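I have placed the structure first, in the form of structure tokens, so that the comments after it can refer back to it.
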Amino acid sequence: MVKKNACIFISGKGSNLKNLILRSRDYSFPVSIKLVISDQKKALGLLHAKKNSIPYVIIDTNSRNYENKIIKDLKKHNIYLICLAGYMKILSKKFLKNYGKKIINIHPSLLPKFKGLNTFSRIMKNKEKKTGCTVHYVNEKLDNGKVISQRFFFIESDDDEEKLKIKTQKLEYFVFPESIIKIFRNF
Ligand code: GRF
């Protein structure tokens with residue numbers, strides 16, 4: 001099977017990156033991870049790139065036109081799919097327009113509910129009955145693009161923010177690869 005090249009953007013722990021690297025080793029998985037981009041030089045997730053000999057680039061988001069540098073790196077590695085996995089910077093409209101290929105994001109809630117940050121505390125405060133995660137296409141509005149895949153679980157009475165996070169991430173490790181397979185199903 002001819003795989004398309006993917007790039008994973010991270011800012012932190014990179015547990016989704018680790019999981020996607022593992023899954024991408026399956027013969028039938030549609031993408032191969034060829035590049036990791038981080039806006040944080042100390043992001044723990046970079047270790048997964050290093051361990052697996054995947055090229056990585058640390059972006060200085062304070063430098064002017066840093067998105068042009070990202071585009072150059074993406075072109076160099078012939079990247080077809082960008083997966084935002086805990087990447088904390090907003091991509092500009094110009095970037096989204098210029099890149100023109102597929103960009104997807106994983107968000108720890110059942111979108112359109114709880115867009116943005118501090119999801120778990122807001123979910124608890126709101127006394128939600130269920131929660132989960134969503135993978136969606138990225139557009140100019142925050143956590144707003146077309147949904148690709150979504151899964152939920154019921155919140156139990158002894159769940160707190162930390163437990164919700166653990167349960168949500170467990171689901172993410174299933175939903176992110178599933179979404180990538182879905183995108184390429186009719187390719
Ligand atoms: C994930 O929970 C994702 O939903 C959110 O950021 C978190 C990243 O976690 N967008 P990790 O860095 O993949 O461990």
Side-chain angles (χ1 to χ4, degrees), residues 6-25 29 31 33-52 54 56-59 61 70 79 81-92 95-96 102-126 128 130-153 155 159-183:
C7 174
I8 317 294
F9 283 40
I10 60 165
S11 295
K13 190 170 70 154
S15 63
N16 278 284
L17 166 65
K18 181 182 176 197
N19 178 58
L20 288 173
I21 292 172
L22 263 177
R23 286 301 311 271
S24 69
R25 291 203 186 121
F29 197 70
V31 303
I33 297 163
K34 297 291 191 191
L35 184 65
V36 172
I37 287 185
S38 172
D39 65 320
Q40 299 294 323
K41 63 171 185 276
K42 290 191 175 154
L44 281 179
L46 288 170
L47 287 177
H48 302 301
K50 287 179 195 166
K51 261 192 211 159
N52 292 280
I54 297 171
Y56 62 89
V57 176
I58 297 159
I59 296 292
T61 51
I70 299 183
I79 299 298
L81 175 73
I82 294 176
C83 303
L84 306 182
Y87 182 66
M88 298 304 284
K89 283 272 164 342
I90 307 267
L91 295 168
S92 72
F95 180 93
L96 297 176
K102 294 181 189 307
I103 309 178
I104 64 176
N105 177 49
I106 187 147
H107 185 76
S109 77
L110 295 172
L111 291 174
K113 283 186 158 188
F114 306 104
K115 296 176 181 181
L117 297 174
N118 305 318
T119 1
F120 301 113
S121 63
R122 289 186 287 137
I123 289 166
M124 291 299 291
K125 259 187 211 139
N126 227 44
E128 292 294 304
K130 58 181 185 174
T131 188
C133 64
T134 307
V135 174
H136 63 93
Y137 285 108
V138 173
N139 64 15
E140 320 82 61
K141 292 188 189 152
L142 184 71
D143 300 327
N144 181 71
K146 187 175 171 224
V147 170
I148 301 162
S149 230
Q150 197 167 56
R151 297 269 165 156
F152 76 89
F153 61 90
I155 299 175
D159 278 341
D160 55 19
E161 281 180 41
E162 198 44 41
K163 284 185 185 161
L164 285 193
K165 186 175 172 185
I166 292 167
K167 289 181 181 180
T168 304
Q169 282 217 315
K170 258 194 187 163
L171 264 192
E172 289 183 351
Y173 306 147
F174 180 75
V175 176
F176 219 166
E178 173 192 66
S179 302
I180 294 173
I181 291 169
K182 215 167 161 183
I183 290 174

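Please read these numbers as outputs of a predicted model, since none were measured by experiment. Both ligands and their constituent atoms are indexed starting at 1 by order of listing.
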>> I'd like to know if the side chain of Asn19 reaches the main chain of Tyr173, judged simply by a donor and an acceptor atom lying under 3.5 Å from each other, with no hydrogens or angles considered.
In response: yes
>> For a quick check: using heavy atoms under 4.0 Å, what are the residues in contact with ligand 1, sorted by chain and number?
In response: Lys13, Gly14, Ser15, Asn16, Gly86, Ile106, His107, Pro108, Gln169, Glu172
> Hey, does the side chain of Glu128 reach the backbone of Ile155 with a donor-acceptor pair shorter than 3.5 angstrom?
Replying inline: no
> Backbone N or O of Ser109 within a donor-acceptor pair of the Thr131 side chain at under 3.5 Å?
Replying inline: no
> Is it true that atom NZ of Lys113 has more than 12 heavy atoms of other residues, nucleotides or ligands lying nearer than 6.0 Å?
Replying inline: no
> Could you go step by step and tell me if Ile183 and Val31 meet the side chain to side chain contact (heavy atoms under 4.5 Å, CB included) rule?
Replying inline: CA-CA 11 Å; Ile183 290 174; Val31 303; over 6 Å; no
>> Among residues at least two apart in sequence or on other chains, which ones pass side chain to side chain contact (heavy atoms under 4.5 Å, CB included) with Lys125?
In response: none
